[in-house]
There are 2 protein chains.
Amino acid sequence: MRLTRDHVVAVALDLLDEVGLEHLTMRKLADALDVRNGATYWHFRSKQALLEAMADALLAGLPAGLPAGQPWDELAAHVARRLRQALLSRRDGARLFSGSFFPLPNALAYGETMVGLLVGAGLDHRAATWATDTLTYYVVAHVTEEQLTAALPDGGQAARVRLDAALDPDRHPHLLAARDDLAAPHPTAHFDHGLALVIAGIRSSRDRSTS
Amino acid sequence: MRLTRDHVVAVALDLLDEVGLEHLTMRKLADALDVRNGATYWHFRSKQALLEAMADALLAGLPAGLPAGQPWDELAAHVARRLRQALLSRRDGARLFSGSFFPLPNALAYGETMVGLLVGAGLDHRAATWATDTLTYYVVAHVTEEQLTAALPDGGQAARVRLDAALDPDRHPHLLAARDDLAAPHPTAHFDHGLALVIAGIRSSRDRSTS
DNA sequence: ACCTGAACACCGTTCAAGT
DNA sequence: ACCTGAACACCGTTCAAGT
């Protein structure tokens with residue numbers, strides 16, 4: 001069967017789930033596609049171009065319609081949660097996405113939705129754009145951390161031991177008091193908490209500028 | 001001269017400024033140190049261990065004392081700005097830092113300072129920890145983007161042309177209206193805007209829980 | 001203890017040659 | 001047009017052997 005860009009991307013995403021971004025190589029991909037090593041370079045200029053196509057595929061159909069009759073802050077939380085889900089749908093999805101510089105179609109659609117929604121809430125275009133950046137930074141960075149800790153060996157046991165060893169009662173009293181929350185045992189609650197924080201910030205900066 | 005861990009880290013950071021994280025290799029580092037290729041492995045278990053030592057060196061002396069008599073939100077902004085400066089001090093500093101899983105001494109000191117400051121503002125330990133996470137995610141993600149765009153060839157001219165080509169008046173009216181703010185021509189103003197947003201969110205969530 | 005020499009098992013990318 | 005075969009110029013890491 002002849003290769004197509006879509007097929008290469010689909011197989012590459014499956015391979016990503018299997019081996020992780022670190023070990024995703026063009027040679028393993030060629031094996032998975034049952035072709036020789038240089039074949040994919042006829043369809044993609046470089047590995048980077050393939051990774052960007054994969055990143056955009058991750059976001060496919062992301063903001064397919066907003067729920068009607070909701071206030072703007074609910075909508076913003078909804079879109080942010082959908083972005084998180086899209087990034088979580090594949091191993092290392094967040095790092096894959098943040099490695100893309102190119103303006104990708106689905107990423108633009110996401111941005112347009114979020115900026116439009118915030119403009120509807122009363123922000124001017126600059127404030128809406130920068131607030132979208134802040135929200136997106138938050139989502140991507142959170143999911144990056146989430147996926148890194150999920151990939152730890154031993155379910156993170158060794159990491160927790162190292163953390164305990166590094167924490168000193170004299171120098172880190174507050175971190176020790178928060179020790180059980182540092183290990184991030186509730187990623188979704190953790191995510192929602194920070195998301196509500198950022199949205200509350202958007203709300204208060206909007207109220208300040210329109211009052 | 002014999003190698004020391006500190007000397008290896010210092011030369012590695014200079015090499016990082018010169019070639020960027022992508023092209024920082026153990027072989028180039030050995031050349032810069034004027035030793036043969038495997039020598040650094042006597043001092044660092046792996047490249048990853050070296051990168052983590054470099055990341056911690058980046059944060060050296062980061063929160064060396066807080067200004068006295070300031071309200072908590074000023075202090076939080078101060079610490080966040082110092083983190084940004086530390087990450088900006090070396091090429092790809094933000095990506096270097098976000099690639100570290102290990103609990104590094106200077107990173108812990110930063111976290112202790114920020115959590116303590118927020119506890120002082122009236123947050124409980126969990127809220128203070130998660131707010132610190134949100135702030136840190138924001139700073140690291142913002143500086144990552146900042147350093148990626150700063151490293152673009154042509155001063156980002158080609159990237160701007162690609163963005164204009166990708167924006168469609170019918171599908172991206174809001175992004176087009178915000179086009180001049182998308183290119184991020186004022187990184188510090190952009191950073192401060194988002195920082196104020198997150199801090200305002202922390203303030204409002206604190207007010208909600210203490211009222 | 002600290003480093004060299006040399007190898008092992010990989011990489012991304014290119015490109016003439018085949019079909 | 002699309003892919004193979006084979007090479008180029010690299011990688012991180014290991015480890016016996018030297019000093």
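Since we're looking at a predicted model, the values are computed, not measured. Naming convention: chains lettered A, B, ... in sequence-line order (proteins, then strands); numbering from 1 in each chain. The figures that follow rest on heavy atoms only: side chains count, while hydrogens, waters and symmetry mates do not.
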Measure from the side chain of [X], starting at C-beta and using heavy atoms only, and say which of [options] lies closest.
| X | options | result |
| --- | --- | --- |
| A:T25 | D:dT4, C:dG12, D:dG12 | C:dG12 |
| A:S46 | C:dT13, D:dT13, C:dT4 | C:dT13 |
| B:W42 | D:dC3, C:dC2, D:dC11 | C:dC2 |

Query raised in the report: In Watson-Crick or G-U wobble terms, both distances under 3.5 Å, what is the partner of D:dG5?
Result: C:dC15
Rounding to a whole Å, what distance do you find between [X]:[atom1] and [N]:[atom2]?
| X | N | atom1 | atom2 | answer |
| --- | --- | --- | --- | --- |
| B:L33 | C:dC3 | CG | P | 10 Å |
| A:F44 | C:dT14 | CZ | P | 15 Å |
| B:Y41 | D:dT13 | OH | P | 4 Å |
| A:H7 | D:dC3 | NE2 | P | 11 Å |
| B:M26 | D:dT14 | CE | P | 10 Å |
| A:D31 | C:dC10 | CG | P | 11 Å |
| A:K47 | C:dT14 | NZ | P | 14 Å |
| A:R36 | C:dG12 | CZ | C1' | 18 Å |

Report task. Could you check whether the rings of A:W130 and B:H190 sit parallel, tilted or perpendicular, using 30° and 60° as the cut-offs? Result -> parallel
Query raised in the report: What is the minimum heavy-atom distance between B:L21 and B:D92, and which atoms define it?
Result: N-OD2, 2.8 Å
Query raised in the report: Quick one: do A:E18 and A:R91 make a salt bridge, cutoff under 4.0 Å?
Result: no
**Report entry** Charged N-O contact under 4.0 Å between B:D180 and A:R126
**Finding:** no
Query raised in the report: Do the side chain of A:N37 and the base of D:dT4 come within less than 3.5 angstrom through a donor-acceptor pair of N or O atoms?
Result: no
Report task. Report yes if some heavy atom in the side chain of A:L83 is under 4.5 Å from a heavy atom in the side chain of A:L59; otherwise report no. Result -> yes
Report task. Starting from the 5' end of DNA chain D, give me the residue, A:R27 or A:A39, whose nearest nucleotide shows up first. Result -> A:A39
Report task. Please state whether the phosphate of D:dC2, meaning OP1 or OP2, lies under 4.0 angstrom from any side-chain nitrogen or oxygen of A:R2. Result -> yes
Query raised in the report: Counting just side-chain N and O atoms, does A:H43 come under 4.0 Å of either OP1 or OP2 of D:dA1?
Result: no
